[in-house]
Amino acid sequence: MPDLHQSLLKYDLGHLRIIAGFWGLELESTDSDSALEELCASLLDLEAVTETMDILPADARTALNALVESNGKMEWVAFARKYGEIREMGAGRRDRERPHLKPTSTSEILFYRGFLAKAFFDSGKGAQEFAYIPEDLLELVNELAFQENDAEIKKASEPLGRPATPVEKAHEIPATDHILDDATTYLAALRLTLESNSLLLEKQEQAPALQKLLTTANLIKKNTLQPEAVKKFLEASRPEALDMLFKAWLNSQTFDELRLIPSIICEGEWKNQPQVTREFLMDLVNSIPRNKWWSLPAFLRAIKEKFPDFQRPAGDYDSWFIKRASDGQFLRGFAYWDSVDGALVKYFIQALHWLGVVDLASPEEGKEVTAFRVVESKVERLKVEGKIVVSSSGKITISRYFSRAVRYQIARFCEWGEEKNNEYAYSVSAQSLKRAGEQGLKAEQLLAMLVKHTNGTVPPAMVKALKRWEQHGAEARVESLLVLRVSRPEIMEEMRSSKAGKFLGELLSPTAVVVKSGAIEKVIAALTELGLLSEVISDK
């Protein structure tokens with residue numbers, strides 16, 4: 001960055017005298033070049049810097065500290081949004097209006113004291129304007145910063161926000177490891193080429209994030225299972241498997257929380273840095289005391305106040321094309337911080353809950369989350385022994401606490417029912433066994449698994465059904481048919497020999513025959529031509 005001399009080189013004698021006045025100095029030089037040399041020599045003194053900083057207004061000291069924490073420079077658009085603009089004016093207008101005595105912003109206070117300058121620097125997005133502290137002056141300011149007393153250091157390291165109130169934490173929502181069970185269900189659905197999202201009817205909003213997380217964890221690639229990785233994941237203990245997902249998420253450069261928030265839609269080619277943002281937010285969360293309920297609204301307000309641009313390069317609130325999902329309204333500008341950046345923080349806390357890291361709480365059941373608590377372990381604290389129950393009617397119930405690898409395998413042979421009360425419901429049918437057979441699976445494999453994992457308590461009827469299927473396949477069929485019934489066999493013969501005969505199928509009795517699919521209208525017309533009026537009886 002430019003030093004003090006370079007930063008003040010373009011200013012006239014009047015401007016230099018204004019700065020000197022705020023430092024308690026009176027310049028003896030009568031030309032700007034000599035005055036600049038004299039001023040720089042006087043300002044670059046630790047004692048002079050200390051005295052001038054001590055009498056800075058509180059808001060100006062805060063702004064100066066913000067620049068110091070940003071290594072002495074900050075994108076001008078971000079700095080000006082928080083601390084105000086500097087009015088542009090020539091020497092004549094300046095001398096008439098005397099803006100240094102009537103500053104309209106914190107930025108002007110620092111500017112007319114020489115602590116703040118503006119310049120264009122190269123950045124990753126090309127040349128951008130920055131606010132900065134002149135390099136040699138910054139060294140002295142930094143030296144003073146290192147002399148902060150212990151109380152100030154302690155205050156600076158305190159977590160953002162405050163503890164939750166009794167109302168904010170009234171209804172607790174403990175963290176769980178249910179994500180492991182949802183992942184098992186999703187992986188089994190992909191293996192069966194079923195529509196995975198429809199299998200999580202109560203968790204539709206989580207389905208895109210789950211698919212992205214499993215991709216991040218290298219369990220799937222382009223929506224295709226990776227067998228070795230899936231096997232390792234399913235056979236791992238619940239704590240180990242949860243840790244695998246958590247680490248994959250934490251270190252991912254592609255899992256983008258911003259684009260997964262249900263309330264907004266991101267469009268365009270702009271790029272953000274999800275991993276950098278995640279690490280920043282994780283540092284803030286890690287500073288909060290463990291097992292202590294923390295206010296989410298207060299946490300959000302503190303981030304907005306101290307680190308509003310935590311995910312925005314150069315404080316840019318205009319180039320990201322983000323729409324509100326409910327009405328398509330574009331959310332551009334800092335005015336929509338709560339709807340975008342604030343929503344991201346909330347989603348981040350929700351993701352931590354999903355991954356078993358934080359408990360949540362709200363004023364009452366069904367209300368918006370208002371508190372969170374960082375837990376010591378990412379492991380569900382409830383320990384239950386899972387089991388499998390098989391009925392003679394082909395129903396199979398599997399506890400979510402049972403082996404996920406076994407449930408994954410059994411699910412491949414079955415029709416799927418609802419999950420309720422921490423149990424997964426499946427049923428064996430001819431259709432499900434046929435589908436399994438198309439994937440190279442045999443009914444005897446299912447029987448062997450059931451016998452092994454139920455300690456041989458599979459009902460005899462179920463054993464018999466699976467063995468007969470293995471030998472003979474389907475031996476019975478249930479289907480819906482459209483049946484034509486007539487009053488006498490002679491009418492049936494007349495119908496079968498007429499042009500309507502091609503619409504008739506299997507003869508069920510001398511007076512009953514199956515009507516082929518979609519042919520009911522043609523059959524009714526043929527009956528009318530034969531002088532017979534018919535009625536259609538529906539079971540609806």
Side-chain angles (χ1 to χ4, degrees), residues 1-57 60-80 83-95 97-101 103-123 126-147 314:
M1 290 184 294
D3 59 20
L4 187 61
H5 187 279
Q6 293 167 328
S7 300
L8 298 178
L9 190 58
K10 64 181 178 180
Y11 294 109
D12 66 357
L13 182 59
H15 186 92
L16 301 179
R17 284 177 172 167
I18 289 172
I19 294 176
F22 280 116
W23 287 67
L25 305 172
E26 186 172 343
L27 297 178
E28 296 180 359
S29 303
T30 57
D31 65 275
S32 57
D33 289 340
S34 300
L36 178 57
E37 297 292 341
E38 182 183 347
L39 181 64
C40 289
S42 300
L43 265 54
L44 296 176
D45 175 79
L46 184 59
E47 184 177 350
V49 172
T50 303
E51 292 175 354
T52 306
M53 286 180 60
D54 283 346
I55 60 174
L56 279 177
R61 183 63 186 268
T62 299
L64 189 63
N65 288 342
L67 278 174
V68 172
E69 290 171 5
S70 299
N71 295 318
K73 69 177 182 177
M74 185 184 300
E75 296 87 352
W76 176 254
V77 65
F79 187 85
Y83 302 112
E85 294 284 352
I86 298 172
R87 290 169 290 177
E88 297 288 343
M89 57 181 69
R93 180 185 169 191
R94 180 200 65 212
D95 292 343
E97 297 185 11
R98 307 177 75 182
H100 55 288
L101 299 181
T104 58
S105 68
T106 303
S107 296
E108 287 191 341
I109 294 174
L110 293 176
F111 175 68
Y112 285 111
R113 284 162 175 78
F115 282 112
L116 175 65
K118 292 168 62 178
F120 282 88
F121 301 134
D122 287 334
S123 69
Q128 287 187 305
E129 191 172 27
F130 282 77
Y132 72 93
I133 303 172
E135 186 72 36
D136 41 8
L137 188 57
L138 176 62
E139 293 179 7
L140 297 176
V141 173
N142 273 329
E143 188 172 340
L144 290 175
F146 284 123
Q147 298 174 7

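Along the sequence shown, residues carry numbers from 1.
Counting only heavy atoms from C-beta outward, the side chains of Val141 and Leu67 never approach each other to under 4.5 Å. Side chains of Leu39 and Leu4 form no contact here, defined as non-hydrogen atoms less than 4.5 Å apart.
Side-chain contact, Thr62 with Tyr83: no donor N or O sits under 3.5 Å from an acceptor N or O.
A distance of 14.0 Å separates OG1 of Thr106 from CZ of Arg61, quoted to the nearest 0.5 Å. Considering OG1 of Thr52 and CD of Glu47, their distance stands at 10.0 Å, rounded to 0.5 Å. Annotation: the span from Arg113 atom CZ to Met53 atom CE amounts to 12.5 Å, rounded to 0.5 Å. With values rounded to the nearest 0.5 angstrom, Glu37 atom CD is found 12.0 Å from Leu27 atom CG. The NE2 atom of His15 sits 7.5 Å away from the CZ atom of Arg94 when rounded to the nearest 0.5 Å. Atoms OG and CZ, from Ser105 and Arg87 in turn, are 7.5 Å apart once rounded to the nearest 0.5 Å.
Here ring-ring contact (aromatic ring centres under 6.0 Å, His included) pairs that include residues 17-53, with residues two or more places apart or in two chains, are Trp23-Phe115.
At distances below 3.5 Å, not a single donor-acceptor pair connects side-chain atoms of Glu51 with backbone N or O atoms of Ala48. With hydrogens and angles disregarded, no donor-acceptor distance shorter than 3.5 Å links the side chain of Glu75 to the backbone of Gln128. Checked by atom type and distance alone, the side chain of Ser32 never pairs as donor or acceptor with a backbone atom of Asp12 at under 3.5 Å. The closest donor-acceptor contact from the side chain of Asp3 to the backbone of Asp136 lies at 3.5 Å or more, if one exists at all. Side-chain N or O atoms of Ser42 include one that pairs as donor or acceptor with a backbone N or O of Glu38 at under 3.5 Å. Using modelled atom types, one side-chain atom of Glu108 and one backbone atom of Thr104 make a donor-acceptor pair closer than 3.5 Å. Judged by distance alone, the side chain of Glu143 and the main-chain N or O of Leu46 form no donor-acceptor pair under 3.5 Å.
Scanning all heavy atoms of the two residues, the minimum distance from Met1 to Tyr132 falls at SD-CB, 3.7 Å. What you find for Pro99 and Met89 is that their closest heavy atoms are CG-SD, 3.5 Å. The shortest heavy-atom contact between Leu43 and Leu137 is O-CD1, 4.3 Å. Listed here is the closest heavy atom pair of Thr30 and Leu13: O-CD2, 3.4 Å. The two residues Ser7 and Pro134 make their nearest non-hydrogen contact at OG-CG, 3.8 Å. Residue Leu138 comes nearest to Gly72 through the heavy atom pair CD2-CA, 3.8 Å, listed as atom of the first residue, atom of the second, then distance.
Aromatic ring pairs are classed by plane angle as parallel below 30°, tilted from 30° to 60° and perpendicular above 60°; the pair Phe121 and Phe130 is tilted.
Considering only residues two or more places apart in sequence or on other chains, Pro57 meets the side chain to side chain contact (heavy atoms under 4.5 Å, CB included) condition with Asp59, Ala60, Ile109.
Not less than 6.0 angstrom separates the ring centroid of His100 from the ring centroid of Phe111.
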